[in-house]
There are 2 protein chains.
Amino acid sequence: MKTISLQEISTALKVSKSTISYVLNGRGDEKRISINTQQMIEEYAKAHNYKPNPLARSLIVGKSNMIGFVLPNIADFFFARITRSIEKKAMQSGYEVVFSSTGEDKEREEKSIQSMLDRNVDGLIIASSQKNEKDILRLTQNKFPMVLIDRKYPDISTNFVGLNNIGGITMLVEHLINMGRKKIGFVSLNMDLLTLNERLNSYEETMKRNGCEVKKGFIQQLEYNHTDNDMERIIKIMLSKSIGVEGLIFSTQFLAADGIRALNKMNIKVPTDMAVVSYGHKNDFDLFKVPLTAIDFPVEEIGEKAVDILLENMKDINMKKEEFYFNTELIVRESCGSH
Amino acid sequence: MKTISLQEISTALKVSKSTISYVLNGRGDEKRISINTQQMIEEYAKAHNYKPNPLARSLIVGKSNMIGFVLPNIADFFFARITRSIEKKAMQSGYEVVFSSTGEDKEREEKSIQSMLDRNVDGLIIASSQKNEKDILRLTQNKFPMVLIDRKYPDISTNFVGLNNIGGITMLVEHLINMGRKKIGFVSLNMDLLTLNERLNSYEETMKRNGCEVKKGFIQQLEYNHTDNDMERIIKIMLSKSIGVEGLIFSTQFLAADGIRALNKMNIKVPTDMAVVSYGHKNDFDLFKVPLTAIDFPVEEIGEKAVDILLENMKDINMKKEEFYFNTELIVRESCGSH
DNA sequence: AAAATAGGCACAAACGTTTGAGCAAATCAG
DNA sequence: CTGATTTGCTCAAACGTTTGTGCCTATTTT
C-alpha cells in the first residue's frame, strides 16, 4: 500500500522536492525548469505511479477537492437519489463527495458539519434538520461556500434549491375538487420543516380560495416514527360522520404508502369511498391495487442544481445568494376516480 | 472557520506543544505531567473548543478514523440501506464512513479505492463490480483490512458477508411447485455477478431435483439498462405455446417490479395466468394489485456484520478470513394463488 | 555527601506537501 | 571586460500534529 513520495523522487533523481512539485503541478515553465529536467521528472513520476498525498496537500493549501453533503438519512430514497446526482455532478468537476446522515438530530448535524470542516471540505450542501440555525448562521457569516437543499431557514439568507411546494399542493387540491371532492383531509408529519409547513399552508389557502371549508379534524399530523396503528387511527377519525372526509392528501410519498396500507386493511375502497393523492412520487405507485395519483418532482435535478450553485459560490465567495425552486408535475392515475 | 491549534495553545500557555498533545491524548499521567499543568491545558482546550486537526494527525499516524465503503450505486435502495447501517454501526465505534459509487464500472472502482487509500482510510468495505480482481488481490496481499459484501471473487479468499442465495431460490422454486406450477421461468440480469449466478444455478438444480425440466427459453437475461419493451418481449417469449411458462421467478426486486408492470400492461392475470415471485423485497410489494410473494433478507444486518468483521480485521491484521451468509425469508402473499 | 532515581517538561524530527525567496552559473548588453 | 539579466534550480519555512529522546531540578537512596 506504500506509495512513492516527493522525497523519494527527489533523492532518486537528485533534484529538489520543490522542483518536482512545481513540475508536477504544471508550473515547470513558469518556474523556468529546463525541458530536460521536466521530462525526466514526469517520466519518473508516471513510471512510479506517483500520486500526491491529498492529506499533506490539503493540510497546506487548505483545500481538499471534496464537497460535503449533510443529509437526514441516506436510506431515504429521496435523499439517496439526490446523493447520487450530487456525486455524479461533482465528479464531473473533479470533486469528491463525502456525506453524512444526521437522523434529523441536531447534535449529529453539528458533528457532521464540524467533521467536514475539519477535513477541509471546499463547500457544503446541507439538507438540514432545521434545528441547527447556529451552524448555518456561522457558515454564512464566515462566507463558507454552502447551499441548502429541501430544508431552509426562513431567517437566514442562503443559497437554496428546493421545490415549488405551493404549486404542487395547489394542483393536488384542485384535482381532488375537480373530481368532485370538497371535503379533503390533509395528513402530514409533525415536524417543523418549512417544506411541510408550506405544503400545509398551501392546502389551507387553496381550499379557501375554492370555497372549501377546512373543518376541524381535516388536518392530521403523525409522528416521524408513527406505527400502522397511528395511521389507521387518524384515518378512522377523518372518516367519522362528523368529519366525513372524501379525499386525502398525503404530504409525503411515504405517508401515502402507509396510508394506502391502512385503507386496504380497513377495507375502505379507493377511490369510491376515499380519493387519495400523494405529494411525492414513489417508483411503484403505478403498480398499486389502485394506481396512485401523485405529484412528482425532479429529484436528481435538485442535486445537480445544488452542485452548480455551490461551484459558483466556491469560485466567488461573495456571490449573490441564489434560490431555485423546481416545479412539480401532477401524474394522474386512478386513485381519485376516472374523468 | 478558524480553529485553534496546538501551537496557539502552546504560546498562550507557555507550555510546549508536546506536553499539550500528551495531555489532550490522555497520556498526561504516563508522561508525568503535573496535575496543575494538565488541568490548565484541559481547561484552556475546552474553553477554546480545541479540536485536533484530523488531517495533520492522519498524516503522521497513518490512520484516519474513517472506513471507506465502495458500492455500485447509492441510489439503489438495497445499497442505500446498507450504507445507512454501516454508517450507524461505524459511528458507534467512533468511525466515520466515506463512500463512493462506482456505477459497476471498473475504472471508477479503481479510482474510488485508490482515493480512499490516499485518504488513509483504516479499512474498506467493498461491494465490488466483480471486474476489479487486481485491486482486491492487491489489498488482500497487503493485508489491508477489508470485507467484501454481496459480490465476491471466487478465486480470492477474503472476508465476505452475503446472502444464502441457494436457500432463497430453493424456497421460491419449491413454493411455486407446491402451488402447482411445474413450468417455471427465471428472469435475471445479464451481469456476471456471483450472486446472480448462484441464484441461477440454484434455480436449475432445484428444478431438476424436483423433476421439473428446464426447457430452452425458461431462462431469460436482461441487460442492466433494459427497457419496459425488453421485459415485455421476454415475457411474451416465455408465454409462447412452445414454452408455456406458468410461473416466473425474478432474480431481483427491481426486475420483479418491472415484470409486474409488463404483465399488467399485457393484461396477463396474476396469479391465474402467471404466478410470480421475487427474489428480493421492496417496501410496497404488499400494496400491489396482487400482493407479491417474495424472498426478503436482512439488509441492514449485512452492513452491520460487515462492520463487525472489518473492525476485527483492523484489530488483527492476520485474522482468519471470515465468511458470513444471511438466511432469507419467504414472504407468501397472493401472487402464486392461495393455499 | 555522592549517586541514583523520579518528576516535569521541552526539543526536534517526522508525515508529505506547497511556495516565496534566494543563489550560482550562464548569457547578454554596453 | 564589467555589470546586468536570465536560466535553472535549491533552501527552508509552513501546515498541525505525534512521539522518542533528553535535559534540568528535586527528591530519595546508600
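Keep in mind that what you see is a predicted model, and the values were worked out from it rather than measured. Note on naming: letters A, B, ... go to the chains in the order of the sequence lines (proteins, then strands), and numbering restarts at 1 for each one.
Within 6.0 Å of the NZ atom in B:K63, the count of heavy atoms belonging to other residues, nucleotides or ligands does not exceed 12. Applying the 6.0 Å contact sphere to NZ of B:K111 captures no more than 12 heavy atoms from other residues, nucleotides or ligands.
Between A:Q39 atom CD and D:dC9 atom P there is a gap of 12 Å when expressed in whole angstrom units. For the pair B:D29 CG and C:dA6 P, the computed distance is 17 Å after rounding to whole Å. For B:N36 and C:dC9, the CG to C1' distance is 13 Å, given to the nearest whole Å. The interatomic distance linking B:Q38 (CD) with C:dG8 (P) rounds to 10 Å, in whole Å. Rounded to whole angstrom, the span from the CZ atom of A:R32 across to the P atom of D:dT10 amounts to 13 Å.
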>> Counting primed atoms plus P, OP1 and OP2 as sugar-phosphate and everything else as base, spell out the protein contacts along nucleotides 11-19 of chain C at 4.0 Å heavy-atom distance: B, S or - for each nucleotide, 5' to 3'.
In response: BB-BBBBBB

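Judged by distance alone, the side chain of B:N65 and the main-chain N or O of B:Y95 form no donor-acceptor pair under 3.5 Å.
For residues 77-92 of chain A, the set of pairs meeting the salt bridge (charged side-chain N to carboxylate O under 4.0 Å, His left out) definition, not counting sequence neighbours, comprises A:R81-A:E300, A:R84-A:E87, A:K89-A:D308.
Exactly one residue among B:F324, B:F326, B:Y325 makes a ring pair (Phe, Tyr, Trp, His ring centres under 6.0 Å) with B:F160. That residue is B:Y325.
Within 4.0 Å of B:S58, counting heavy atoms only, lies no atom of the nucleic acid at all. A:K63 comes within contact range of no nucleotide atom at all, as no heavy-atom separation falls under 4.0 Å.
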Listing time: all N or O pairs from protein to nucleotides 24-28 of chain D that are below 3.5 Å?
none

>> Go through it in stages, so that I can follow the logic: the residues are A:V147 and A:I149, the test is side-chain contact (heavy atoms from CB on, under 4.5 Å), and I'd like the CA-CA distance, side-chain angles, deciding distance and then a yes or no.
In response: CA-CA 7 Å; A:V147 13; A:I149 64 172; 4.2 Å; yes

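With respect to the salt-bridge test (charged N to carboxylate O, under 4.0 angstrom), the residues A:E43 and A:K46 do not qualify.
Between B:L117 and B:L139 there is a side-chain heavy-atom pair separated by less than 4.5 Å.
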